[in-house]
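Let me begin by presenting the structure, written as structure tokens, before commenting on it.
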Amino acid sequence: QVQLVESGGGVVQAGDSLRLSCAASGSTVSIYAMGWFRQAPGKAREFVAAFTWSARSTIYSESVRGRFTISRDDAKNAVYLQMNSLKPEDTAHYYCAALNTRAAVTSEQYYNYWGQGTQVTVSS
């Protein structure tokens, strides 16, 4: 089992930055990748970014590429999402997730573990 705890959300203005953190504990050695997803009110949950642990590769959705950066702290078993140039359309509940099998990291169906999420609200 892997436990995930997110933090760092908040209310900011358009153009501001935020950094989300996700601390992983438990059987972290089994993790293949960790990702961030988000869900806005009335919308389906969507992929934001992912970090593949062994290859240390990253992938982003088109909507955040160039503005968001996902990174990992090996010592802390943590993943971060640095969000710059935030827009009102980035407003959503952000979830951290982990998967322990080699699979498409952009698809939420393959993720085994999820955090409770943290709210990000961007005002115009």
Side-chain angles (χ1 to χ4, degrees):
Q1 293 290 320
V2 175
Q3 294 77 44
L4 304 172
V5 178
E6 304 98 329
S7 61
V11 180
V12 297
Q13 293 187 332
D16 286 350
S17 298
L18 272 178
R19 190 178 80 152
L20 305 183
S21 301
C22 177
S25 60
S27 302
T28 57
V29 67
S30 68
I31 294 175
Y32 169 73
M34 290 182 67
W36 287 95
F37 291 77
R38 66 186 183 186
Q39 187 168 23
K43 294 187 177 181
R45 188 157 55 187
E46 65 173 358
F47 169 78
V48 175
F51 189 106
T52 305
W53 281 20
S54 58
R56 304 191 74 82
S57 61
T58 59
I59 186 170
Y60 300 91
S61 69
E62 189 64 35
S63 62
V64 307
R65 188 175 299 120
R67 299 188 298 122
F68 291 12
T69 302
I70 188 171
S71 62
R72 175 190 173 189
D73 184 325
D74 295 354
K76 297 182 178 180
N77 277 328
V79 170
Y80 305 100
L81 186 68
Q82 177 66 44
M83 307 184 293
N84 298 330
S85 301
L86 283 162
K87 305 175 181 179
E89 49 264 44
D90 293 319
T91 295
H93 204 72
Y94 283 70
Y95 297 91
C96 174
L99 63 85
N100 57 15
T101 57
R102 187 180 180 91
V105 299
T106 61
S107 299
E108 64 172 290
Q109 63 181 315
Y110 296 115
Y111 283 79
N112 310 94
Y113 308 102
W114 292 83
Q116 293 299 306
T118 185
Q119 179 67 31
V120 173
T121 302
V122 184
S123 60
S124 58

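Because the structure is predicted, anything quoted here is derived from the model rather than measured.
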Partner residues of Tyr95 under the side chain to side chain donor-acceptor pair (under 3.5 Å) criterion, sequence neighbours left out: none
When clusters are formed by joining ILVMFWY residues with side-chain heavy atoms under 4.5 Å apart, either directly or through shared neighbours, do Leu4 and Tyr80 land in the same one? no
Cluster check Phe47, Val79: I/L/V/M/F/W/Y, side chain < 4.5 angstrom: no
Please say whether more than 12 non-hydrogen atoms of neighbouring residues, nucleotides or ligands are located less than 6.0 Å from CD in Gln109. yes
For Tyr60 against Ile70, the heavy-atom pair lying closest together: OH-N, 2.9 Å
To the nearest 0.5 Å, what is the distance between OH on Tyr32 and CG on Asn112? 13.0 Å
Got a donor-acceptor contact below 3.5 angstrom from the Ser123 side chain to the Val12 backbone? yes
Test Phe68 against Ser61 for side chain to side chain contact (heavy atoms under 4.5 Å, CB included), laying out the working first. CA-CA 10 Å; Phe68 291 12; Ser61 69; over 6 Å; no
Before you tell me yes or no, could you show the steps for Val120 and Met83 under side chain to side chain contact (heavy atoms under 4.5 Å, CB included), namely the whole-Å CA-CA distance, both residues' side-chain angles and the distance that decides it to 0.1 Å? CA-CA 10 Å; Val120 173; Met83 307 184 293; 3.9 Å; yes
Roughly how far apart are Ser27 OG and Tyr113 OH, rounded to 0.5 Å? 6.5 Å
What is the distance from atom OH of Tyr110 to atom OG1 of Thr101, rounded to the nearest 0.5 Å? 9.0 Å
Under the side-chain contact (heavy atoms from CB on, under 4.5 Å) test, residues paired with Glu89 that sit two or more places apart: Lys87
Nearest 0.5 angstrom please: Arg67 CZ to Ser17 OG, how far? 10.0 Å
Is any side-chain heavy atom of Val105 closer than 4.5 Å to one of Leu99? yes
Residues, nucleotides or ligands: over 12 heavy atoms within 6.0 Å of Arg65 CZ: yes
Taking all non-hydrogen atoms of both residues into account, name the closest pair between Ser30 and Val2 and its distance. OG-CG2, 4.3 Å
Per the side chain to side chain donor-acceptor pair (under 3.5 Å) rule, which among Glu6, His93, Arg38 passes with Gln119? His93
For a quick test of reading the model, state the closest non-hydrogen atom pair linking Ala14 to Ser124 and the distance between them. CB-CA, 4.4 Å
Closest heavy-atom pair, Ala49 versus Leu81, reported as atoms and distance to 0.1 Å, is CB-CD1, 4.1 Å
Measure across Thr106 and Phe37 and return the closest heavy-atom pair with its distance rounded to 0.1 Å. O-CE2, 3.9 Å
In Å and rounded to the nearest 0.5 Å, what is the OH to OG1 distance from Tyr94 to Thr118? 10.5 Å
For Tyr111 and Ser107 the tightest heavy-atom approach is CD1-O, 3.3 Å
Show the numbers, then the answer: is there a side chain to side chain contact (heavy atoms under 4.5 Å, CB included) between Thr28 and Met34? CA-CA 10 Å; Thr28 57; Met34 290 182 67; over 6 Å; no
If I take atom CG from residue Leu20 and atom CD from residue Gln82, how far apart are they, to the nearest 0.5 angstrom? 9.0 Å
Determine yes or no for a side-chain-to-main-chain donor-acceptor pair under 3.5 angstrom, with Thr91 supplying the side chain and Val122 the backbone. yes
